[in-house]
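Written out below as structure tokens is the structure these notes cover.
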Amino acid sequence: MSFETIIYEAKNNIGYITINRPKALNALNAEVLNELSQAVDIAEKDEAARVVIITGAGGRAFVAGADIAAMQNMTAEEAYSFARLAQIIYNKIQDMPKIVIAAIDGFALGGGCELALACDIRIASAKSKIGIPEVTLGVFPGFAGTQRLPRLVGTGIAKEMLATARKVPADEAKAIGLVNHVVEENPMAKAEELAVEICKNSMSAIALGKRAMNEGMEMELKKGIEHEAALFAVAFTTEDQREGMTAFLEKRPANFQ
Ligand code: HXC
């Protein structure tokens, strides 16, 4: 399915969302964000997509940030609405009951870094640079970067990235836990390799486990642990639990739904 600035397709159990505005290094304006929102909704419902991969077109950038030209003359109210528009989409990505992988080939800056942060797994090519350079523009990350980045890499590193605006090279991003894997080139191939592994497992169990982690991270530890037990119990209402355990005991591969 093709919009103006986003391409969505599903093949081999993977839903691909491509941000396709390469002349502006896939910068996010309201049109791109609205289409991204629709693509995320489609991917969530699409039974042909068991894993979702988000990437950027053109081979130079994942996303070079929110569109600076579109933001230049915004009022404070418009800036608030723009931030909320993206934040709500990014929350939908975080909450999606499927694993979402960011395949980063080039710049992932500002709103682009924040989009990658909303995904579950990040893969970067060696040439990639990841950062939150907004303070060079007189603003700061407004697509949830001030919240998700410190939760992922810790406050010390996140505050240094905020204040220096430095574009962190891929190898360093891996060392600080900002990306899961760095590949010489073609992060899509690595993302697809992970997707194939993920697809062998129970989708309902992955969804419940992702939810337990997401929701638990917002709770005090012992509440989170209790919440885990409640969601663990839900797994025992699924066909996949019966199939997975029966298959193990019958010494055959599981055939999950
Ligand atoms: C609009 C952008 C853009 C952006 C690149 N372009 N990034 N347009 N918004 N964020 C456009 C350029 O204007 C240019 O268009 C074309 O893409 C190619 O970019 P160049 O700058 O010519 O390429 P290069 O010299 O290789 O430099 C690449 C770059 C640089 C280092 C990534 O483009 C850059 O610094 N971009 C801005 C990065 C940034 O500050 N991002 C954070 C944005 S604020 P033309 O028409 O000239 O060819 C943000 C806030 C989020 O994300 C929260 C908001 C609430």
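Just so you know, residue 1 is the first one in the sequence shown, and it goes up from there. Read the numbers this way: they start at 1 and go in the same order the structure lists the ligands and their atoms. Quick note: numbers below take in every heavy atom, side chains included, and nothing from hydrogens, waters or symmetry partners.
Counting the atoms of ligand 1 from 1 in the order shown, those under 4.0 Å from a heavy atom of Ala27 are 1 (C), 4 (C), 9 (N). For ligand 1 and Gly111, the ligand atoms under 4.0 Å from any heavy atom of the residue are 49 (C), 51 (C), 52 (O).
For atom 30 (C) of ligand 1, the nearest protein heavy atom lies 4.0 Å or farther away. Within the 4.0 Å cut-off (strictly below), no protein heavy atom is located near atom 13 (O) of ligand 1. Under the 4.0 angstrom criterion, atom 55 (C) of ligand 1 counts as having a protein heavy-atom contact. Of the protein's heavy atoms, at least one falls inside 4.0 Å of atom 40 (O) of ligand 1. Remark: atom 10 (N) of ligand 1 lies closer than 4.0 Å to at least one protein heavy atom. The nearest protein heavy atom to atom 47 (O) of ligand 1 is not closer than 4.0 Å. Less than 4.0 angstrom separates atom 6 (N) of ligand 1 from at least one non-hydrogen atom of the protein. Protein non-hydrogen atoms do not reach within 4.0 Å of atom 20 (P) of ligand 1.
Annotation: Glu78, atom CD; neighbour count of heavy atoms from other residues, nucleotides and ligands within 6.0 Å is above 12. The number of heavy-atom neighbours closer than 6.0 Å to CD of Glu4, taken from other residues, nucleotides and ligands shown, is 12 or below.
For Ala66, heavy-atom contacts with ligand 1 shorter than 4.0 Å involve the backbone as well as the side chain.
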- Using the side-chain contact (heavy atoms from CB on, under 4.5 Å) rule, take Cys199 and Val51 through it: C-alpha gap first, then chi angles, then the decisive distance, then the call. CA-CA 7 Å; Cys199 284; Val51 175; 3.8 Å; yes

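Of the protein's non-hydrogen atoms, Lys167 CE, 4.4 Å is the one closest to atom 35 (O) of ligand 1. Atom 26 (O) of ligand 1 has its closest protein heavy atom at Arg60 NH2, 2.3 Å. Here the heavy atom of the protein found nearest to atom 53 (C) of ligand 1 is Gly142 N, 3.3 Å. Protein heavy atom in closest approach to atom 34 (C) of ligand 1: Leu109 CD1, 4.8 Å. Among protein heavy atoms, the minimum distance from atom 2 (C) of ligand 1 is reached at Ala24 O, 3.8 Å.
Of all heavy-atom pairs spanning Ile93 and Lys210, the tightest one is O-NZ, 3.5 Å. For Ile89 against Leu33, the heavy-atom pair with the smallest separation is CD1-O, 3.1 Å.
Asn13 places no side-chain N or O within donor-acceptor distance of the main-chain N or O of Arg50, the cut-off being under 3.5 Å.
The CD1 atom of Ile53 sits 4.5 Å away from the CD1 atom of Ile14 when rounded to the nearest 0.5 Å. Considering CG of Asn26 and CZ of Arg60, their distance stands at 10.5 Å, rounded to 0.5 Å. If you take CD on Glu215 and NE2 on His227, they are separated by 3.5 Å, rounding to the nearest 0.5 Å.
Between Lys223 and Glu220, no side-chain nitrogen of the basic residue sits less than 4.0 Å from a carboxylate oxygen of the acidic one, so the salt-bridge criterion is not met.
The residue among Leu28, Ile68, Leu25, Leu137 with a heavy atom at the shortest distance from atom 37 (C) of ligand 1 is Ile68. Comparing Gly65, Ala64, Pro141 against atom 38 (C) of ligand 1, the shortest heavy-atom distance belongs to Ala64. Among Glu134, Lys23, Arg84, Met74, the residue whose heavy atom sits closest to atom 16 (C) of ligand 1 is Lys23.
In this structure, Lys129 falls outside the shell of residues with a heavy atom less than 4.0 angstrom from ligand 1.
A cation-pi arrangement, defined by a distance under 6.0 Å to the six-membered ring centre and an angle within 45 degrees of its axis, is absent between Lys167 and Phe107.
The shortest N or O to N or O distance between Phe143 and ligand 1 is not under 3.5 Å.
Tracing side-chain contacts under 4.5 Å through hydrophobic residues (I, L, V, M, F, W, Y), one reaches Val40 starting from Leu28; they form part of the same cluster.
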